[in-house]
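Proteins come first, then strands; the chains are lettered A, B, ... in the order of their sequence lines, and each starts at number 1.
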Protein chains: 2
Amino acid sequence: MSEADAVARPRRADAQRNFERILAAARSAVVERGGDVVLEDVARDAGVGIGTLYRHFPTRQALLEATFLDEARELRARAEVLAGDICAFDALVSWLRLQVDFGLHGHSMGAAVLSAKHDTGSEIQVACSASRMAGNVLLRRAQDAGEVRAGVEIDDVLRLIHALVLVNGTSPDLAQVERMFDLVISGIRA
Amino acid sequence: MSEADAVARPRRADAQRNFERILAAARSAVVERGGDVVLEDVARDAGVGIGTLYRHFPTRQALLEATFLDEARELRARAEVLAGDICAFDALVSWLRLQVDFGLHGHSMGAAVLSAKHDTGSEIQVACSASRMAGNVLLRRAQDAGEVRAGVEIDDVLRLIHALVLVNGTSPDLAQVERMFDLVISGIRA
DNA sequence: TAGTATACGGAGGGTACCTCCGGTTTGCAA
DNA sequence: TTGCAAACCGGAGGTACCCTCCGTATACTA
């Protein structure tokens, strides 16, 4: 049922090539222009017609999600590494800070995408879920260590962090972002 | 230098009437459709041409700010009332919750507008400043009572609250909003 | 190499934004 | 009251972006 299965019949070579070109163009466009990319520009940068772009990514959202997929996967991987850290609380904080860094450093759309609702089973949904679960491990560990208040849920924390990123999207005041981040961290602390 | 002074020469009667009609239409449009109102619809609802709308409100932002002006003023007034409360902490929390309620209950654009940069001296900027200062009184009082951590700044708290509202703009899960709000409150608590 | 499923691309229709300017209305002065 | 200049109105139209549709081109298969 997953999209990976749907590619059982391999794509034509040109289609595969264009898919990758579009994604690459979209990535750099999102990095430098944020979430309100002009899709026609992406197509042009990719050396592809607008129709081709829309065939591969039926909606604007689909393209942005694809752009964000790598990031979601890396966040999961990082969480799993951090789960081996000695200090449970520091590990959690590091992971959360990573979300802020990712969000601010170009991929400002990440937060918006992450906080949106996705079709169950979509690649991005799966990746986000996995990332969230990995984060949840960090959270629970910190709670077991008595360093994070009981009752705090990973979804709420993440959503708050993403909100923080979103509102500081363009031209962020890094000092303020830092203080707001600290505010959130204080909020979860036991 | 304020806009109020600029109206020294009174507007023509029809201009005044249209100004108010447009504002009224914009308000109800924003309440039911959020920040991405279609300005042409607003003009039609106001019984006015699109050109007239743009003369009174040169930019989309200007219209939204005008829409939000009352809210900003009321938030200030509420803060000043709450400053008389017995419990400083409760007063602050009530005021912050008010921001969430206002933000969620239709005026979902409020947060976005509030968190944007405005021209110094503009009506909205003045109103926001006043509101923020009134809120700051509540915060300082709670800090003096030892109920809020020292070092917490009103700007950071408000921005975080507005971020919260923004990210829960359309179809908010009220229970989650509540939990996120609690998270913020815990974050400022001494 | 020929046939076919697949993919390409851009013209074009739709929506919303904002500007511009000819025509109209209003308020004031005589 | 009447005339006039300033102020105002309204919508046509240019721009930008979105997304769809379908005739043409291309890559795979036999």
Side-chain angles (χ1 to χ4, degrees), chain A residues 3-26 28-30 32-67 108-109 112-113 116 119 170, chain B residues 3-26 28-30 32-67 108-109 112-113 116 119 170:
Chain A
E3 271 185 85
D5 295 347
V7 191
R9 184 183 335 178
R11 262 188 289 219
R12 243 170 64 171
D14 52 349
Q16 179 63 28
R17 177 167 33 80
N18 283 337
F19 178 88
E20 277 154 15
R21 277 187 185 169
I22 293 166
L23 202 46
S28 59
V30 166
E32 74 182 48
R33 262 169 288 180
D36 47 356
V37 210
V38 177
L39 298 193
E40 255 140 7
D41 289 354
V42 173
R44 187 164 23 73
D45 290 355
V48 143
I50 186 66
T52 301
L53 183 148
Y54 273 99
R55 192 164 332 93
H56 286 295
F57 305 96
T59 70
R60 173 189 209 74
Q61 179 76 0
L63 180 56
L64 291 173
E65 286 179 1
T67 298
S108 52
M109 200 52 203
V113 171
D119 299 340
T170 51
Chain B
E3 270 183 87
D5 295 346
V7 191
R9 185 184 334 178
R11 262 187 289 219
R12 245 170 62 171
D14 51 350
Q16 179 62 28
R17 176 164 35 80
N18 283 338
F19 179 87
E20 277 154 15
R21 278 187 184 169
I22 293 168
L23 203 45
S28 59
V30 166
E32 75 183 45
R33 262 167 290 179
D36 48 357
V37 209
V38 177
L39 297 193
E40 253 138 11
D41 290 354
V42 173
R44 187 164 23 72
D45 290 356
V48 142
I50 186 67
T52 301
L53 184 149
Y54 272 98
R55 192 165 332 93
H56 286 295
F57 305 97
T59 70
R60 171 188 209 77
Q61 179 76 359
L63 180 56
L64 291 173
E65 286 179 1
T67 298
S108 54
M109 199 54 203
V113 171
D119 298 340
T170 51

Look up atom CG in A/Asp14 and atom CZ in A/Arg21, then write down how far apart they are to the nearest 0.5 Å.
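Here the interatomic distance stands at 10.0 Å.
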Say you draw a straight line from CD1 of B/Ile22 to CZ of B/Arg17; how long is it, rounded to the nearest 0.5 Å?
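Here the rounded value is 11.0 Å.
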Provide, to the nearest angstrom, the distance between the [atom1] atom belonging to [X] and the [atom2] atom belonging to [N].
{"X": "B/Arg44", "N": "C/dC17", "atom1": "CZ", "atom2": "P", "answer": "12 Å"}
{"X": "B/Arg17", "N": "C/dT25", "atom1": "CZ", "atom2": "C1'", "answer": "10 Å"}
{"X": "B/Phe57", "N": "C/dC17", "atom1": "CZ", "atom2": "P", "answer": "15 Å"}
{"X": "B/His56", "N": "C/dC18", "atom1": "NE2", "atom2": "C1'", "answer": "16 Å"}
{"X": "A/Leu63", "N": "D/dC19", "atom1": "CG", "atom2": "P", "answer": "11 Å"}
{"X": "B/Arg55", "N": "C/dG22", "atom1": "CZ", "atom2": "P", "answer": "15 Å"}
{"X": "A/Asn18", "N": "D/dA25", "atom1": "CG", "atom2": "P", "answer": "17 Å"}
{"X": "A/Tyr54", "N": "C/dG12", "atom1": "OH", "atom2": "C1'", "answer": "14 Å"}

Quick one: on DNA chain D, does A/Val38 or A/Gly51 contact a more 5' nucleotide (nearest heavy atom)?
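Per heavy-atom nearest nucleotide, the more 5' residue is A/Val38.
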Which sits closer to the 5' end of DNA chain D, B/Ala15 or A/Asp14, going by the nucleotide each is nearest to?
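Comparing both residues, the 5'-ward one is B/Ala15.
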Helix axis bend for the helix from C/dT1-D/dA30 to C/dA30-D/dT1 - C1'-based end axes, five pairs, 10° rounding
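One end's axis against the other's: 0°.
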Any donor-acceptor pair under 3.5 Å from A/Thr67 side chain to A/Leu63 backbone
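Between the backbone of A/Leu63 and the side chain of A/Thr67 there is a qualifying donor-acceptor contact (under 3.5 Å).
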Is there a donor-acceptor contact under 3.5 Å from the side chain of A/Arg60 to the main chain of A/Val37?
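Yes; at least one donor-acceptor contact below 3.5 Å.
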Any N/O donor-acceptor pair, B/Glu40 side-chain to C/dC18 base, under 3.5 Å
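Flag set: donor-acceptor pair detected.
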No-H, no-angle donor-acceptor pair, A/Arg12 side chain to C/dA7 base, under 3.5 Å
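Side chain to base: no pair below 3.5 Å.
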Classify B/Ala13 by what it touches in the nucleic acid, base, sugar-phosphate, or nothing, heavy-atom distance under 4.0 Å.
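Sugar-phosphate contact only - B/Ala13 comes under 4.0 Å of backbone atoms but never of a base.
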Could you check whether B/Val42 gets within reach of a base, just the sugar-phosphate, or nothing at all, counting any heavy atom under 4.0 Å?
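Since no nucleic acid heavy atom lies under 4.0 Å of B/Val42, the category is nothing.
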Contact summary for A/Leu53 and A/Leu39, nearest pair of heavy atoms
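Between these two residues, the closest heavy atoms are CD1-O, 3.6 Å.
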